[in-house]
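Below is one structure, written out as structure tokens; the observations come after it.
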Amino acid sequence: MNDMTPTAAERAEKLQGMGCKRKRVEDVRFVQGKGSYVDDLKLPGMLYGDFTRSPHAHARIKRIDTSKAQQVPGVLAVLTAADLKPLSLHYMPTLAGDVAAVLAEDKVLYQNQEVAFIVAEDRYAAADAADLVEVEYEALPVLIDPLKAMAPDAPLLREDIKDKTDGAHGKRRHHNHIFTWEMGDKDAVEAAFRKADVTIKELISYQRVHPCPLETCQAVASFDKIKGELTVWGTFQAPHVIRTVASLISKIPEHKIHVIAPDIGGGFGNKVGAYPGYICAIVASIVTGRPVKWVEDRIENLTTTAFARDYHMTTEIACTRDGKVTGLRVHTVADHGAFDACADPSKWPAGFFNIVTGSYDFPVAHVAVDGVYTNKAPGGVAYRCSFRVTEAAYCIERAMDIMAQKLGMDPAEFRMKNLIRREQFPYTSALGWEYDSGDYHAALQKALEATGYKQLRREQKERQDAFRRGETRELMGIGVIFFTEIVGAGPSRNCDILGIAMFDSAEIRIHPTGSAIARLGTKSQGQGHETTYAQIIASEIGIPADAITVEEGNTDTAPYGLGTYGSRSTPVSGAATAMAARKIKAKAQMIAAHLLEVHDDDLEWDVDRFRVKGNPERFKTMTELAWAAYNSPPPGMEPGLEAVSYYDPPNMTYPFGAYVCVVDVDVDTGATKVRRFYALDDCGTRINPMIIEGQIHGGLTEAFAIAMGQEIHYDEDGNVTTGSLMDYFLPTAVETPNWETDWTTTPSPHHPIGAKGVGESPNVGGVPCFANAVIDAFKFLGTTHVAMPHDNWRTWMVADKLGLHG
Amino acid sequence: MIPGPFAYHRPASLQDAVGLLSELGEDARPLAGGHSLIPMMKLRLASPAHLIDLAGIAGLKGLREDGGEIVIGATTTQQELVTSDLVAGKLPILRETSLTIADPQVRYLGTLGGNVANGDPGNDMPAVMLALDATYEIAGKSGTRRLAARAFYQSAYVTALAPGEILTAVRIKVPPAGHGYAYEKLKRKVGDYATAAAAVVLTIGGGKVASCAIGLTNLAETPLYAEEASRIIAGSALDDATVRKAVAAAEAITAPASDGRGPAHYRTKMAGVMLARALARAKARAA
């Protein structure tokens, strides 16, 4: 080789493969306002839909009169349940095996529930008419508190299933009961608690929140009567599942349904399920023969589409006097709202809540979850966490702090003592998960050293002394947590949704000139898939990431997949991408062997080429091999260079992390200031460190919002009092703390590239870290637990109850 | 989030605006920056049949000094208050308060006149106007009149403006050089109304407070002029005991709603905390 020949390192750098901070290719259009979202779509003759919604949380519908609405100029149709019922579309199946009303028939079950759908020539006419639909209601007793849902005299909410004792997940034992889900060894836990030196018990509630993506949920449906084909553009995190479900509901054959998810402005779980707006837009398009657009406003998004959390976890830990945990018991009441529209794999009505043993070596554990109905909006989605993992992480991380406090131990030291040890991996938890890999102690140690934890504790002690002397009105809190995520749903043996196994897919076609297109079953909502999948392919087969187009979201062209949520894209589709790339590489190797006239085994891979072992000047680059694949394949070999892979993961992946937060609390106003937030994440192999950092910044900001202010709050009459961004806390850049990010790397042993997924870790770990920090500020005065959100007035109340206001 | 139908008018003179308002009656609303009215229309809490946009009226814009007073046209934006040298030099509390109102995008559109005339108890400027003892210029069909800000606010969204009248300018007597001032606002986030806020303007002479005026934001159906608390502070050395007395007097006149910002008793207590902090900061600033 001469001096002009690029070195392997130079060639690798050019590829912009894994590990490279490649700039996000999608941002070129996003930062110029050239993204193409559902509401940007304008079709000839397109109509607009809008809903008349219930002002009541629970009421019987006595009469609906649409005559005035029909008379508004520009209105084509007003649909009610009476119109949908003959088509059996007044109810739709949910992902959780329940049904949900599309348009309310006899009763409304939560405020803002859909009652009538207006179809009009423009949005203004539709909104005017929505106001003119007259509905006579008879108010009924309202059930808001899930802890009262199964009282004998609790109001009957679901008259449609009141006689149904067999639920989708076993027996229902009360008219507001949905399911009971149990796991673990109850008797062994009993025994552990009997023998325990020290126990704690606390009701740890995680308030109802909402993912609140910047773009609300929306769809355009267009039914072609001539072809009998339906096209739906929508904000779908899982377009293929929407197509299959739409086919099952509508009886339109699946090949005649085209689902397209264009650019999506954030999902966070909110866009996994199906909503009445989608169904109504489809029906309206079939009825009118014209395309129909439905777009939610912010209030509709916050008050009717899928919420998250509303988990009420009575948590007990058993422990030895010297601080070794011996048992965990959690009983949860899960508020699912008026319909069970929770987005979980079929066999997991409480998601992966049995990850609640967290990062600790609990010898025994038992968990039970009771799902109940209330007069609140349905949902129960992840909100940037894998299924119910953030509830579990909040639960165990709060409980560990409470136990440490009772033992008089430092919460970091207590965690160190109980973390699963490196040599225990693969580790089978007491509740049945096989944690694939980790080095927890090293990660926590690194976090404590990076933040100067011991010094922070000294400073806190000095502050407390100064506070007692009356020299300051500010307290200091330090939160420390360690979380284990469980993502990458999932292995078909234990994960499916409505019977559809949770594999995912990738299809890669190499063009003759050596560029490529990759299509995937997932769907980016901002995660940067167009950037990162290309990096995986670049590293695997040596063509530059810039020469690879990544396409998702069109069910006609993308291979079947289960979509993007639960941090599953990298663990599942990322794996499929690597596997498909390896098939291509294997074929390329045969072609190279033929061209170089050597045996396959005499070749070795060198960044972007196959070269002859021991004779590196004899090689064929991937670009050359692509041309040859089409134009001069070896005799007997099919031309072309493409592959598809469907990946059914052998196990989940288990990202983890150690976070430390320092807050200053103004005792007189309750205002908190996050002085420092340090996040160490281990997501295995890091595909694009810049995107990882961005994901962590975003997730931490959401965690900050949840812990410090977010709540979908209902008053006792079932009115949502936080239905707009005036009252639902969405932090701006001004409120958002500065984030310090760090990492360790423990590749997943069972994943083709060792990647574990990262998008949701910061939400999972962040929430308890903020909460622990705020509560930690008051611990020296005896406070053990305070419910979120830790907004100003609630924090002031903590201080007030402690008598700190004189 | 889609308003009902309305007609849009853009008069070029104050006379035309007043004429339109009185002609169209209660179905018409004047439109300034639109930051209160338009959201209410989108929620259909307000459905005026006619919007009379004041943006085309040149005479309603701008700041000037007139004798010992500063006169600020009603459609002067918060951003213009932030960047005005006149305000920075002579009425710095207006700059400080403007900077607590939402974000730059809002401040580029939101006007002083709209802020003080709408009667929204959450707006920040009215309490400052009470502390500064500002006078509002008001134009109606039968001519113009002046009214003290302290006599303007009647209840939530109800003011002394008669139907057909427009608030055209705010007149503020220039406080003496070296006066102390502060606007202390506790809020949940940028863009939020105050949980509680206090405006303080005072002068100090010979180690004692020579004059003091206190206004409170979002703690009752109207902005509050804390007269008793102001009286307690005047003549004192701002010692702790006097501040505590003034805080108690200010808290006593509050009647906040319980809402997402906190229960009423918390918001009352925050009125006291904001007042104490505003007094301390005003004192530190006073020459």
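Letters A, B, ... are given to chains in the order of the sequence lines, protein chains preceding strands, and every chain is numbered from 1. The structure displayed is predicted, hence computed values, not measured ones.
Neither the backbone nor the side chain of M708(A) has a heavy atom closer than 4.5 Å to any heavy atom of chain B. For D131(A), the part sitting under 4.5 Å from any heavy atom of chain B is the side chain, from C-beta outward, and nothing else. With a threshold of 4.5 angstrom between heavy atoms, M1(B) approaches chain A through its backbone and through its side chain. For R44(B), the part lying near chain A is the side chain, with the backbone staying farther off; criterion is any non-hydrogen pair under 4.5 Å.
With chain A as the partner, the residue from L43(B), V190(B), V273(B), L186(B) showing the most heavy-atom pairs under 4.5 Å is V190(B). In terms of heavy-atom pairs under 4.5 angstrom with chain B, the leader among T732(A), T669(A), V734(A), D800(A) is T669(A). Chosen from D666(A), L725(A), T721(A), the residue pairing most often with chain B at heavy-atom distances under 4.5 Å is D666(A).
A salt bridge links D310(A) with K376(A): the closest approach of a Lys/Arg side-chain nitrogen to an acidic carboxylate oxygen falls below 4.0 angstrom. Remark: D668(A) does not engage K269(B) in a salt bridge, criterion side-chain N to carboxylate O under 4.0 Å. Using a cut-off of 4.0 Å between Lys/Arg side-chain N and Asp/Glu carboxylate O, D297(A) and K42(B) are scored as not salt-bridged. Using a 4.0 Å cut-off between a side-chain N of Lys or Arg and a carboxylate O of Asp or Glu, K673(A) and D664(A) do not qualify as a salt bridge.
Shown here is K189(B), whose NZ atom has more than 12 heavy atoms of other residues, nucleotides or ligands within 6.0 Å.
You'll find the side chain of I233(B) stays beyond 4.5 Å of the side chain of S230(B), heavy atoms only.
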